[in-house]
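Right, one structure below, let's go through it.
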Amino acid sequence: MVSQNPIKIEDDRTGLEIQTLRRAILDNLFYIQGKFPEIATKNDFYLALAYTIRDRLLQRWLNTMQTEIKNDVKKVCYLSAEFLVGPHLENNLINLGIAEKVKQAVTESGLNIKELIEAEEEPGLGNGGLGRLAACYMDSLSSLEVPAIGYGIRYEFGIFDQEIKDGWQVEITDKWLQYGNPWEIARPEASVTVNFGGYTEPYTDGHNQFHVRWVPGYVVKGIPYDTPITGYKVNTVNTMRLWRSEACESFDFQRFNVGDYYGAVDDKVNSENITKVLYPNDEQIEGKELRLRQQYFFVSCSLQDMIRIHLLNNPNLDNFHEQWAVQLNDTHPAVAVAELMRLLVDIYEYEWGKAWNIVEKTFAYTNHTLLPEALEKWPIEIFGNLLPRVLEVIYEINRRFLDQVRIKFPNDDGKISTLSIIDESGERYVRMAHLACIGSHHINGVAELHSQLVKDTILHDFYLLWPQKFTNVTNGVTPRRWMVQSNPRLSKLITSKIGDGWIKNLQELKQLERYAEDQTFRQQWREAKQFVKQDLANYIQEKVGITVNPESLFDVQVKRIHEYKRQHLNVLHIITLYKQMKSNPNLDVPPRTFIFGGKAAPGYFMAKRIIKFITAVGDVVNNDGDIGDRLKVIFLPDYNVTFGQRVYPAADLSEQISTAGKEASGTGNMKFSMNGALTIGTLDGANVEIRQEVGEENFFLFGLTTPEVLTLKDQGYVPRRYYHSIPELKGVLDLIASGFFSHGDPELFRSIVDNLLYDDPYLLLADYKSYIECQEKVSQAYKDQENWSKMSILNVARMGKFSSDRSIQDYCNNIWNTQPVSIELKDYVQKEA
Ligand code: GPW
């Protein structure tokens, strides 16, 4: 029935006039927070503002959802166990193009916009690069108007907060939801159920058809929580849909009815544990059953959700692969291959071959690492007990696959055992990368070098079998968050010269090249950098109580702590410099401030010791009166997205010093360079391509190449040879071993020294000399500020390739075969009474 007096939502509540905005903030404070301004906390005001902004994107968001469902366009589903999105408020203000107006309204209300933005607790639903990449990709998908859903897990506790006590890392539970999350909307009506445990049994249906039934041991409910992902100045607002687990009422009622109250509550606790906490290991599998439960839970929920949406507009699933492109973000969601088969065959009664055809055309798989300790494999026992039917499906996928292998490579048992999904070399395992490869139409690495190594090494036999499946998509990062938002001064300076087209089309930064020769521009460039350096210096003073010289060279390494990333090589350089300064007080090098940030996996002994090593060296250096402010070593606790936004713009030098062949891509390397830092780096991951783009004369290269690393290891690497033949290196290691940085205790860092002398798997000693020489070039170069500025400008001007918009365009063109859809805004008018 059409109402006589239709109400239009848009005009009276969600306008952008200053008065309307001010009114909305107060309304939300009163009606949602239940507070008068006099007693409201900062968080109350933040929430009131956040709801005000959410209201102003809902129109776009709902229209996007409706268009995607109704128009039946192909949708990208990015399946990822991690989404490290960072704070939403400021990003949404920028994407909606309302930052200035809102700032004015907030200011006129007597509030401080910066403080409110900083009051937002960031959702730490990821560990590092992999989760942050997923977030940058969500931003670009929306900005490019590609219909997309990001599916993942709504962890109640994200990555732990890091504190430093006495130089050691201490982990604190991340209670990111405790003061409310205004950005999510729960959709309990779209809940699904997921089976675990139990057994399977064959049965024959009324048409004499053979089937298998999974009788689960327990059933868990998945509830979706939706978060809007705005695009930059477009109407598209895609959805990030994260699943929370809950006990299934029907199940606890059974227990409850037989009087087993505690049993019922126990089920509830066990079910809710699935999405309780993010595993804090980066590139290190733990092999815990709960992790497999998390993976299967979110994958099954997501596939069921896609199928539900699909069937709203389609009579059956025959064309599923024409409507959905599902990307596997590493192997964490790889069980999706078997789960979609199970759903098609067991639930929708598809014939195996027809189902497999759909599956193969639906999935694509991105590999993000070559490190053996990160390659996921599940003991058959654990897998079979938890997911008995899924394991049967995997066996059948494998049986049919191995038949194909036998045709391609007759009488080659070697190929059977290297390619099989099941590792039978000892204890039997399910190899998730193999399942992902077999079930995907494309397989990609994340930088040119990495994609080549994937083909040459870990997936070589799959490459021989299916060369056409393999491709590369070099990673990228979003310039909205990592330039416009985090570095407004530099962004405005750039825009003043070349207009703001670069924000959407980063290649336009090329136009900056000619300003590298402009002395006035270089001066302005330095001033923009100096401003953020001063800001960071104040922050350091406030956080760790150390005064740093804002004019010194800010030399920054921020990333997860891992031996392959070689933070300790950086420290060997610091000690080298320190010794040089001590023995030669007139040493002519520019003052440097070394800044570190990064979390260690709680169970990673060596990484935690490296943190202690950095802070211990800092304690000595920072308090040495002979050194003054010529050398400072800062470890900033709790590195996260928010702190990244502060530190990338302030860096002069970016440390990208992993052992060649170990870092798949890196993305921090791109964020630094886009903000005018110069890079000191190895030929690893995307460094190779960054150097290609910015020009070798604008990049500080050192270290062994990947083939040299492999040869050296083949020949039998003996780190002690470097110790004995490089006196400076010997001096540094001896000083550490003497207890100089540990109040005379030679034990504290013995594990680090001994590891370097007797094993050194990441070849620090082999690269030491080259690194130190390269750092000397950096110091020399920094003395010539005019030339440094020139190099800095050219770095930014030539970073166009590393926008995540380009990466997403590559995925659309070469892997997903998806088109953008522009969203028309229809005002919501009440039609039904
Ligand atoms: F092991 N990466 C990460 F491949 O941050 F799954 N966590 C991880 O668990 C893995 C990879 C995994 C990173 C890579 O180390 C980095 O080089 C890359 O830039 C990033 O993923 C995004 O591709």
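Just so you know, ligand 1 is whichever comes first in the structure, and atom 1 is the first atom listed for that ligand. The model shown is predicted, which means the values in this text are computed figures rather than measured ones.
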What part of Asn127, side chain, backbone, both or neither, has a heavy atom within less than 4.0 angstrom of ligand 1?
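No part of Asn127 comes within reach of ligand 1.
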Backbone, side chain, both or neither: what part of Thr369 comes under 4.0 angstrom of ligand 1, heavy atoms only?
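Both the backbone and the side chain of Thr369 come within reach of ligand 1.
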Check this for me - ligand 1, Lys565, N or O atoms closer than 3.5 angstrom, yes or no?
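No.
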Test your reading of the structure: does Asp330 have an N or O sitting under 3.5 Å from an N or O of ligand 1?
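So ligand 1 has no N or O lying under 3.5 Å from an N or O of Asp330.
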Which of the numbered atoms in ligand 1 are below 4.0 angstrom from a heavy atom of [X]?
{"X": "Tyr564", "result": "15 (O)"}
{"X": "Ala374", "result": "1 (F)"}
{"X": "Leu130", "result": "2 (N), 3 (C), 5 (O), 6 (F), 7 (N), 13 (C), 20 (C), 21 (O)"}
{"X": "Ala664", "result": "17 (O)"}
{"X": "His332", "result": "6 (F)"}
{"X": "Leu133", "result": "22 (C), 23 (O)"}

Do Glu663 and Tyr564 get their side chains close enough for a donor-acceptor pair, meaning under 3.5 Å?
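The criterion, which ignores hydrogens and geometry beyond distance, is satisfied for Tyr564 and Glu663.
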Look at the side chain of Gln557 and the backbone N and O of Asn570, then say whether any donor-acceptor pair between them is shorter than 3.5 Å.
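Absent.
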Keeping Ser792 on the side-chain end and Gly676 on the backbone end, is there a donor-acceptor pair under 3.5 Å?
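Flag set: sc Ser792 to bb Gly676 pair under 3.5 Å.
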Give the residue and atom name of whichever protein heavy atom lies nearest to [atom], and the separation in Å to one decimal.
{"atom": "atom 7 (N) of ligand 1", "result": "Asp282 OD1, 2.9 Å"}
{"atom": "atom 16 (C) of ligand 1", "result": "Glu663 OE1, 3.4 Å"}
{"atom": "atom 23 (O) of ligand 1", "result": "His368 ND1, 2.6 Å"}
{"atom": "atom 18 (C) of ligand 1", "result": "Gly666 N, 3.7 Å"}
{"atom": "atom 15 (O) of ligand 1", "result": "Glu283 OE2, 2.2 Å"}

[X] vs [Y] aromatic rings, parallel, tilted or perpendicular, using cut-offs 30° and 60°?
{"X": "His573", "Y": "Phe594", "answer": "perpendicular"}
{"X": "Tyr151", "Y": "Trp243", "answer": "parallel"}
{"X": "His460", "Y": "Tyr463", "answer": "tilted"}

So, applying side-chain contact (heavy atoms from CB on, under 4.5 Å) with Ser658, which one of Asn669, Leu569, Asp684 is it?
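It is Asp684, the one option of Asn669, Leu569, Asp684 that forms the side-chain contact (heavy atoms from CB on, under 4.5 Å) with Ser658.
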Check Asp805 with Arg480, please: is the shortest side-chain N to carboxylate O separation under 4.0 Å?
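A salt bridge links Arg480 with Asp805.
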Check the pair Glu427 / Lys377 against salt bridge (charged side-chain N to carboxylate O under 4.0 Å, His left out), numbers first and verdict last.
CA-CA 11 Å; Glu427 193 196 343; Lys377 49 181 197 168; over 6 Å; no
